[in-house]
Amino acid sequence: RNDQKSKSNHEEQQQHSKEKHEQKEEDDDSLPLMALNHVSRLCRNVEESVDFYTKVLGFVKIERPPAFDFDGAWLFNYGVGIHLVQSEDEERLPHNPDHLDPMDNHISSQVPNEINCEDMEAVERKLKELDIKYMKKAVEDDENGTKIDQLFFNVPDGFMVEMCNCENLKLVPASSLGKLKLPVDRHTRLLNSTKMATEMTTMLKN
């Protein structure tokens, strides 16, 4: 029995080693990416756009390398950057800043989701307070009993933003190809380390 058990364990280890090797070969076929770094957006007026992204969406303006010889601004928060670039050509910007179409290009942000959707309701109230035109949508998955709430609105330059509680849906690969990777970079590692150090200092003081 011990020999059979040992043989079984050995075969399992070999199979696991084979799967790891195959996965490594599969991963090597793709570019060695870590995470989404930033989204770049053209704008009519850099300062007005910075004002919107910081005061409405909560981004933080960060230092931008002085080597760039064109007007722009960098913002960062939630693990991703927004790079604003002053447009020199009005034709490259959306022609109708008020047009909203959920099937058009947009970036989406995850809203913290409570059982009673309080956070999405808070976002909607804020948009009303700021007199920002928005479109409200919902996607219901009856099979899994889940629902996604969506709010679409435009930044001043006409580019669309979505707020949603898409985390309600499970991330399920549609095929056996590829491997889901969580985003980790030096910014998030640094922020997590700083947070841990602060918490540890507080604990020691107490």
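The model shown is predicted, which means the values in this text are computed figures rather than measured ones.
Residues meeting the side-chain hydrogen bond (donor to acceptor under 3.5 Å, both in side chains) test with Arg64, sequence neighbours left out: none. Checked against side-chain hydrogen bond (donor to acceptor under 3.5 Å, both in side chains), Lys55 has the following partners two or more places apart in sequence or in another chain: Asp51.
The cluster map of Ile, Leu, Val, Met, Phe, Trp and Tyr, joined by side-chain heavy atoms under 4.5 Å apart, puts Leu36 and Ile107 in the same cluster. When the side chains of ILVMFWY residues are joined at heavy-atom separations under 4.5 Å, either directly or via intervening members, Val161 and Val85 end up in a single hydrophobic cluster. Tracing side-chain contacts under 4.5 Å through hydrophobic residues (I, L, V, M, F, W, Y), one never reaches Val50 starting from Val60; they form parts of separate clusters. Under a hydrophobic-cluster definition in which Ile, Leu, Val, Met, Phe, Trp and Tyr are linked whenever side-chain heavy atoms come within less than 4.5 Å, directly or via other members, Phe159 and Leu100 are assigned to different clusters.
Using modelled atom types, one side-chain atom of Gln110 and one backbone atom of Cys166 make a donor-acceptor pair closer than 3.5 Å. With hydrogens and angles ignored, the 3.5 Å screen pairs no side-chain donor or acceptor of Asp119 with any backbone N or O of Val111. A donor-acceptor pair under 3.5 Å is absent between the side-chain atoms of Glu140 and the main chain of Ile148, judged by distance alone. In this structure a side-chain-to-backbone donor-acceptor pair under 3.5 Å is missing from Lys147 to Ala138. Using a distance-only test at 3.5 Å, with no hydrogens or angles considered, a donor-acceptor pair links the side chain of Asp89 to the main chain of Glu91. Between the Asn37 side chain and the Gly81 main chain, no donor and acceptor come within less than 3.5 Å of each other.
Across all non-hydrogen atoms, the minimal contact from Pro102 to Met160 is CA-CE, 4.0 Å. Taking each heavy atom of Pro156 and Arg44 in turn, the nearest pair found is O-NH1, 4.0 Å. When every heavy atom of Val80 is checked against every heavy atom of Phe59, the shortest pair comes out as O-CE2, 3.7 Å. Annotation for Val155 and Tyr53: closest pair CG1-OH, 3.6 Å, computed over non-hydrogen atoms.
We find the CD-CG distance between Glu48 and Asn45 to be 4.0 Å, quoted to the nearest 0.5 Å. The distance from atom CG of Asp149 to atom CG of Asn165, rounded to the nearest 0.5 Å, is 4.5 Å. A distance of 8.0 Å separates CG of Leu84 from OG of Ser40, quoted to the nearest 0.5 Å. In this structure, CD in Glu167 is found 13.0 Å from OG1 in Thr146, a value given to the nearest 0.5 Å. Note that CG of Asn96 and CG of Asn154 are 8.5 Å apart. Values are rounded to the nearest 0.5 Å.
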